[in-house]
Amino acid sequence: MKKHQIVAIVVGLSLSVVSFLPVFITASSGFALGHPSVVKVFFYPTIGVAVSAILVFVAFFMGSKGE
């Protein structure tokens, strides 16, 4: 693996973990995660995981163009 691919994986994993923090905090504070007013907290992990997947995808196909 190339350095930029490893960095993309590490950054993607850390972005995924950080984006799940609101869910962990909400769950640990005693709220029911299925309540309609709390369901909005799941948008952050969805966006974070999507961005990290795009980042890793681009990093893996970036090096294959010229080589």
Side-chain angles (χ1 to χ4, degrees):
M1 290 180 113
K2 296 179 180 150
K3 289 182 183 180
H4 68 275
Q5 293 172 338
I6 295 172
V7 169
I9 291 171
V10 170
V11 170
L13 285 175
S14 62
L15 180 63
S16 297
V17 170
V18 169
S19 65
F20 272 98
L21 285 178
V23 175
F24 296 142
I25 292 171
T26 304
S28 68
S29 63
F31 288 106
L33 292 178
H35 194 272
S37 65
V38 181
V39 169
K40 293 180 273 185
V41 78
F42 289 107
F43 289 132
Y44 301 113
T46 303
I47 293 169
V49 170
V51 169
S52 64
I54 291 169
L55 181 83
V56 171
F57 181 79
V58 168
F60 271 88
F61 286 104
M62 185 173 64
S64 64
K65 286 182 184 176
E67 296 175 18

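The figures here come from the full heavy-atom set of this structure, side chains too, leaving out hydrogens, waters and symmetry mates.
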Please lay out, stage by stage, how Val11 and Val7 fare under the test side-chain contact (heavy atoms from CB on, under 4.5 Å). CA-CA 6 Å; Val11 170; Val7 169; 4.1 Å; yes
Out of curiosity, Gln5 CD to Ile9 CD1, how far, rounded to the nearest 0.5 Å? 7.0 Å
Verify same cluster id: Leu13, Ile6 (apolar side-chain graph, 4.5 Å): yes
Verify the cluster assignment for Val41 and Phe43: are they in a single hydrophobic cluster under the rule of side-chain heavy atoms below 4.5 Å apart? no
What are the two closest heavy atoms between Gly48 and Leu15, and how far apart are they? O-CD2, 3.6 Å
What residue pairs, at least two apart or across chains, pass side chain to side chain donor-acceptor pair (under 3.5 Å) with a residue in residues 11-28? Ser16-Ser52
Can you name the closest pair of heavy atoms from Leu55 and Gly12 and give their distance? CD2-N, 4.2 Å
Taking a hydrophobic cluster as the set of Ile, Leu, Val, Met, Phe, Trp and Tyr residues connected by side-chain heavy atoms closer than 4.5 Å, whether directly or through intermediates, do Val17 and Val10 fall within one such cluster? no
Decide yes or no on side-chain contact (heavy atoms from CB on, under 4.5 Å) for Leu33 and Phe42, but give the supporting numbers first. CA-CA 9 Å; Leu33 292 178; Phe42 289 107; 4.1 Å; yes
Decide yes or no on side-chain contact (heavy atoms from CB on, under 4.5 Å) for Phe20 and Val49, but give the supporting numbers first. CA-CA 9 Å; Phe20 272 98; Val49 170; 3.9 Å; yes
